[in-house]
Amino acid sequence: MWAVITPFNEHGDAAPLPGSTGPTATVEAQPRQVGRVRTQYAPDPDGDPDPGEIVWTWVPYEEMDGRGKDRPVLVVARERGGTLLAVQLSSKRHDGDREWVAIGAGPWDRAGRDSWVDLDRVLRVHPEGMRREACALDRPRFDRVVARLRQRYGWS
């Protein structure tokens, strides 16, 4: 499981996590209603989120009750307005679950655990709403995830 992180500012007060509030908040997108989606593998280790990269951002819980936690997401597409579409990762095993794609282990998980990508939940991430860039996912694993998203949602 991913840890819930509460950062503190220079005064020792709890500070909101990037992506948790305001106009740069990470929100759930309606994948069949986002319009034309062009997925393209384009990682660039420049500190900005790009398709093919795993980045950390605040992700709201599915209950949509204002709670959430800091977790890794795989960026799969860039939208015209500058936001990005992403899918969340989990270290909880989802073998045999059609809603999830196994992507194995990588540097986004310090414990080296295998991860799964949730196809059922697409997130809209703002570049200013991410906490940090973790790494680029290799092209074959990215292509496997994107192929399943295209199949599921009719994306090009």
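The model shown is predicted, which means the values in this text are computed figures rather than measured ones.
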query: At their closest point, which heavy atom of Pro49 faces which heavy atom of Arg78, and how far apart are they?
result: O-NH2, 3.3 Å
- prompt: What class does the angle between the rings of His94 and Trp100 fall in, given that below 30° is parallel, 30 to 60° is tilted and above 60° is perpendicular?
  reply: parallel
- request: Test side chain to side chain contact (heavy atoms under 4.5 Å, CB included) on Leu74 and Val145 and set out the steps.
  value: CA-CA 9 Å; Leu74 171 62; Val145 170; 4.0 Å; yes
- request: Identify the two heavy atoms, one from Asp114 and one from Ala105, that lie closest to each other, and give their separation to 0.1 Å.
  value: OD1-N, 3.4 Å
message: According to a hydrophobic-cluster definition based on side-chain heavy atoms being under 4.5 Å apart (Ile, Leu, Val, Met, Phe, Trp, Tyr only), do Val55 and Leu123 belong together?
response: yes
task: Please tell me if the side chains of Ser90 and Arg71 come closer than 4.5 Å, counting only heavy atoms from C-beta onward.
output: yes
- request: Please check if any side-chain donor atom of Ser115 sits under 3.5 Å from a side-chain acceptor atom of Ser91, or the reverse.
  value: no
message: Is it true that, when you exclude Arg150 itself, more than 12 heavy atoms of the residues, nucleotides or ligands shown sit nearer than 6.0 Å to its CZ?
response: yes
- line: Hits for side-chain contact (heavy atoms from CB on, under 4.5 Å) against Ala29, two or more places apart or cross-chain, chain-then-number order -> Val34, Leu85, Val122, Arg124
message: Closer than 3.5 angstrom, by distance alone: can the side chain of Arg152 be matched with the main-chain N or O of Pro31 as a donor-acceptor pair?
response: no
message: I'd like to know if Leu84 and Val146 are part of one continuous hydrophobic network [Ile/Leu/Val/Met/Phe/Trp/Tyr, side-chain heavy atoms within less than 4.5 Å].
response: no
message: Would a single hydrophobic cluster contain both Ile103 and Trp116, if residues Ile, Leu, Val, Met, Phe, Trp and Tyr are joined by side-chain heavy-atom contacts under 4.5 Å?
response: no
query: Is there a donor-acceptor pair under 3.5 Å between the side chain of Tyr153 and the backbone N or O of Gln30?
result: no
statement: Taken in chain and number order and not counting sequence neighbours, the residues that satisfy side chain to side chain donor-acceptor pair (under 3.5 Å) with Asp143 are Arg139
query: Are Met130 and Val75 connected, step by step, through hydrophobic side chains (Ile, Leu, Val, Met, Phe, Trp, Tyr) whose heavy atoms are closer than 4.5 Å?
result: yes
- request: Report whether Val125 and Leu149 are members of the same hydrophobic cluster (ILVMFWY, side-chain heavy atoms less than 4.5 Å apart, transitive linking).
  value: no
field: Donor-acceptor contact present, side-chain Tyr41 to main-chain Leu137, <3.5 Å
entry: yes
Ionic contact status for Asp138 with Arg141, cut-off 4.0 Å: yes
message: Using the side-chain contact (heavy atoms from CB on, under 4.5 Å) definition, which of the options Ile54, Val117, Thr57 pairs with Pro72?
response: Ile54
query: Counting N and O atoms only, with roles assigned by atom type, does the side chain of Glu53 sit under 3.5 Å from a partner on the main chain of Asp50, one being a donor and the other an acceptor?
result: yes
message: I'd like to know if the side chain of Arg148 and the backbone of Glu99 have a donor-acceptor N/O pair within less than 3.5 Å.
response: no
task: Would you check, one step at a time, whether the test side chain to side chain contact (heavy atoms under 4.5 Å, CB included) holds for Trp108 with Leu89?
output: CA-CA 10 Å; Trp108 58 86; Leu89 276 65; 3.5 Å; yes
- prompt: Do Arg36 and Glu79 meet the salt-bridge criterion of a basic N to acidic O distance under 4.0 Å?
  reply: no
- request: State whether a side-chain donor-acceptor pair under 3.5 Å links Trp155 with Thr39.
  value: no
field: Criterion side chain to side chain contact (heavy atoms under 4.5 Å, CB included) on Val59 and Arg121, from CA distance to verdict
entry: CA-CA 11 Å; Val59 175; Arg121 195 158 185 237; 3.7 Å; yes
- prompt: With Asp95, which residues qualify under side chain to side chain donor-acceptor pair (under 3.5 Å), at least two apart?
  reply: Arg93
Flag side-chain contact, heavy atom, 4.5 Å: Val87 against Leu119: no
